[in-house]
**Student:** 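First the structure, which I've put down as structure tokens, then a few questions once you've had a look.
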There are 2 protein chains.
Amino acid sequence: MAQNREKLEAAAQEMVQHKGMSGLSFRTLAAEVGIKSSSVHYHFPEKSDLGSALIQRYSSEFFAQLDVIAGRDDTLNAKIKSFIDIFEEVGRQNKLCLCGMMAAEYEQLSSSNRQLLCDYFDNTEKWLIKQLEAHKEDYESTSNRKVIARMIMSSLEGALLLDRIQGGARHIGAQRGVINQIVFGR
Amino acid sequence: MAQNREKLEAAAQEMVQHKGMSGLSFRTLAAEVGIKSSSVHYHFPEKSDLGSALIQRYSSEFFAQLDVIAGRDDTLNAKIKSFIDIFEEVGRQNKLCLCGMMAAEYEQLSSSNRQLLCDYFDNTEKWLIKQLEAHKEDYESTSNRKVIARMIMSSLEGALLLDRIQGGARHIGAQRGVINQIVFGR
DNA sequence: GTGTAACTATCTATCTGTAGATAGACAAAT
DNA sequence: ATTTGTCTATCTACAGATAGATAGTTACAC
């Protein structure tokens with residue numbers, strides 16, 4: 001059944017967003033899907049192959065969402081709100097961003113995994129900068145766009161991290177207001 | 001030699017800030033200090049005991065630094081700068097905040113470890129709020145202090161996470177400017 | 001002072017469990 | 001016939017943890 005590969009990726013992604021790559025074993029993953037651990041190796045010979053697949057899967061879904069947002073005839077404000085919404089939804093499920101989680105495990109990752117992670121953050125930064133540029137007229141910050149993009153991204157990743165341990169969406173909520181204040185002045 | 005306990009804690013802290021609790025084994029830790037893994041169990045019967053000791057050790061050093069900062073006859077601006085400096089120094093060493101790292105591993109932690117982590121972030125939030133209150137006259141933000149404290153903390157934790165994978169202090173640097181902008185207006 | 005009990009800090013040796021990974025058989029689909 | 005996807009069975013490595021022995025140190029009773 002070719003759909004097992006998809007099931008494996010979905011289950012693995014869920015597990016990694018909760019417990020990290022090091023908290024995921026081939027055995028528990030296999031059990032979740034209902035096959036044997038050796039069969040998981042058929043689809044992903046090494047754990048780093050699974051890691052790569054997960055980052056790519058997560059990234060492609062994420063950037064597909066960003067494409068939709070960018071394509072809408074919306075204000076910059078609305079676009080940034082939609083961007084933050086993606087993260088808030090992750091937090092609502094008591095998960096971390098998959099790439100944020102793997103960033104914490106960075107030193108244990110293979111070099112190909114590291115590169116994919118890097119790409120995820122680089123491309124997100126680029127997307128943000130592009131939106132800020134596309135709405136020059138609304139952009140009121142005195143800081144340059146790169147700085148703003150980085151602050152948006154790192155503050156959302158951090159907010160997810162802290163909200164999970166303290167419960168609720170306190171930090172994401174705090175960031176929401178602050179990001180607006182920074183991008184649009186007051 | 002009672003100093004081995006201290007050596008173990010120091011070595012373990014270093015390892016956890018790089019690789020996380022799950023990336024640390026009693027064997028590698030013991031080897032680092034030059035004793036046997038079974039001897040580590042003498043000092044820390046279970047791994048969660050080591051975890052607790054590490055959070056407490058890290059917290060007490062951190063809050064000692066904050067005490068010094070709070071005690072100085074400085075402006076709010078200077079105090080916040082000093083606060084950020086602590087995080088920047090961690091990043092300069094390609095580490096994460098120990099508690100930030102363990103926050104990512106939250107679901108694998110014992111309940112006592114979770115509580116200690118929670119305390120660390122709660123107390124940091126309280127410290128920040130106290131400083132903002134103590135300098136009412138300089139505080140220019142329209143947001144309330146709790147929101148500002150949360151945004152400072154989560155954005156610095158996130159910045160550490162991202163700076164490590166992209167190298168340099170890009171995100172910490174971005175946060176520095178933004179935090180000022182938020183707290184003091186422009 | 002000496003003897004003894006307790007404590008500290010380590011060791012060797014070992015247990016059990018689980019990790020990732022591999023080989024080779026097998027059945028179904030193409 | 002070959003490829004695909006799964007299985008059983010197994011390997012090696014390493015995880016955390018425990019038991020029991022062994023010195024060295026300290027505390028205290030006599």
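Note that the coordinates shown come from a computational prediction; the quantities given were computed from them, not determined experimentally. Hydrogens, waters and symmetry mates are skipped; everything else that's a heavy atom, side chains included, is used. Chain A is the first sequence line, chain B the second, and so forth, proteins listed ahead of strands; every chain is numbered from 1.
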**Student:** My understanding is that only residues two or more places apart in sequence, or in another chain, count here; which of them pass side-chain hydrogen bond (donor to acceptor under 3.5 Å, both in side chains) with Gln131(B)?
**Tutor:**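 Gln131(B) satisfies side-chain hydrogen bond (donor to acceptor under 3.5 Å, both in side chains) with no residue once adjacent residues are dropped.
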
**Student:** Separation of Gln108(B) atom CD from dA19(C) atom P, in whole Å?
**Tutor:**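 Going from CD in Gln108(B) over to P in dA19(C) covers 11 Å.
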
**Student:** dT6(D) phosphate, OP1 or OP2: any side-chain N/O from His43(A) under 4.0 angstrom?
**Tutor:**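 True: His43(A) side-chain N/O within range (under 4.0 Å) of dT6(D) OP1/OP2.
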
**Student:** Is any side-chain heavy atom of Arg164(B) closer than 4.5 Å to a side-chain heavy atom of Lys95(B)?
**Tutor:**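 Counting from C-beta outward, Arg164(B) and Lys95(B) never come under 4.5 Å.
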
**Student:** Are any of the side-chain heavy atoms of Lys146(A) and Arg170(B) separated by less than 4.5 Å?
**Tutor:**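 Lys146(A) does not reach Arg170(B) side chain to side chain.
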
**Student:** Write down the distance between CD1 (Ile35(A)) and P (dG5(D)), rounded to a whole number of angstrom.
**Tutor:**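 Atom-to-atom, Ile35(A) to dG5(D), this comes out as 11 Å.
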
**Student:** Between Arg57(A) and Glu6(A), does any NZ, NE, NH1 or NH2 come within less than 4.0 Å of an OD or OE carboxylate oxygen?
**Tutor:**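 Arg57(A) and Glu6(A): salt-bridged.
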
**Student:** Taking atom C1' of dA23(C) as reference, at what distance in whole Å does atom NZ of Lys36(A) sit?
**Tutor:**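 My rounded result for the distance is 18 Å.
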
**Student:** Can you measure Asn4(A) atom CG to dA28(C) atom C1' for me and round it to whole angstrom units?
**Tutor:**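 Nearest whole value for this atom pair: 14 Å.
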
**Student:** Rounded off to whole Å, could you give me the OH-to-P distance for the Tyr42(B) and dT10(C) pair?
**Tutor:**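 About 8 Å, once rounded to whole Å.
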
**Student:** State whether a side-chain donor-acceptor pair under 3.5 Å links Gln13(B) with Gln17(B).
**Tutor:**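 Yes - a donor-acceptor pair under 3.5 Å links their side chains.
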
**Student:** Report whether Phe62(A) and Leu161(A) are members of the same hydrophobic cluster (ILVMFWY, side-chain heavy atoms less than 4.5 Å apart, transitive linking).
**Tutor:**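 Cluster IDs for Phe62(A) and Leu161(A) match.
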
**Student:** Whole angstroms only, please: what is the CD-C1' distance between Gln3(B) and dT10(C)?
**Tutor:**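 Rounded to the whole Å, the gap is 13 Å.
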
**Student:** Do Gln108(A) and Ser22(A) meet the criterion of a side-chain donor-acceptor pair at a distance under 3.5 Å?
**Tutor:**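 Gln108(A) vs Ser22(A): no donor-acceptor pair found between side chains.
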
**Student:** Taking N or O atoms only and anything under 3.5 Å, show me the protein contacts with nucleotides 12-18 of chain D, one pair per line.
**Tutor:**
from: dA15(D); atom 1: OP1; to: Ser25(B); atom 2: OG; distance (Å): 3.2
from: dG16(D); atom 1: OP1; to: Leu24(B); atom 2: O; distance (Å): 3.2
from: dG16(D); atom 1: OP1; to: Lys47(B); atom 2: NZ; distance (Å): 2.8
from: dG16(D); atom 1: OP2; to: Phe26(B); atom 2: N; distance (Å): 2.8
from: dG16(D); atom 1: N7; to: Arg27(B); atom 2: NH1; distance (Å): 2.8
from: dG16(D); atom 1: O6; to: Arg27(B); atom 2: NH2; distance (Å): 2.9
from: dA17(D); atom 1: OP2; to: Lys47(B); atom 2: N; distance (Å): 3.0
from: dA17(D); atom 1: N7; to: His41(B); atom 2: NE2; distance (Å): 3.2

**Student:** Please tabulate the protein-to-nucleotide N/O contacts below 3.5 Å involving nucleotides 21-27 of chain D, giving atom names and distances.
**Tutor:**
none

**Student:** CG of Leu8(A) versus P of dG20(C): gap in Å, rounded?
**Tutor:**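 Atom CG in Leu8(A) sits about 14 Å away from atom P in dG20(C).
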
**Student:** Phosphate oxygens OP1/OP2 of dA9(C): is one of them under 4.0 Å from a side-chain N or O of Ser39(B)?
**Tutor:**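 Indeed not, no polar side-chain atom of Ser39(B) lies that close.
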
**Student:** With side chain to side chain contact (heavy atoms under 4.5 Å, CB included) as the criterion, how do Val40(A) and Arg27(A) come out once you've worked through the C-alpha distance, each side chain's angles and the decisive distance to 0.1 Å?
**Tutor:** CA-CA 9 Å; Val40(A) 180; Arg27(A) 280 169 174 73; over 6 Å; no

**Student:** State whether a side-chain donor-acceptor pair under 3.5 Å links Ser154(B) with Gln175(A).
**Tutor:**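 Yes, side-chain donor-acceptor contact under 3.5 Å.
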
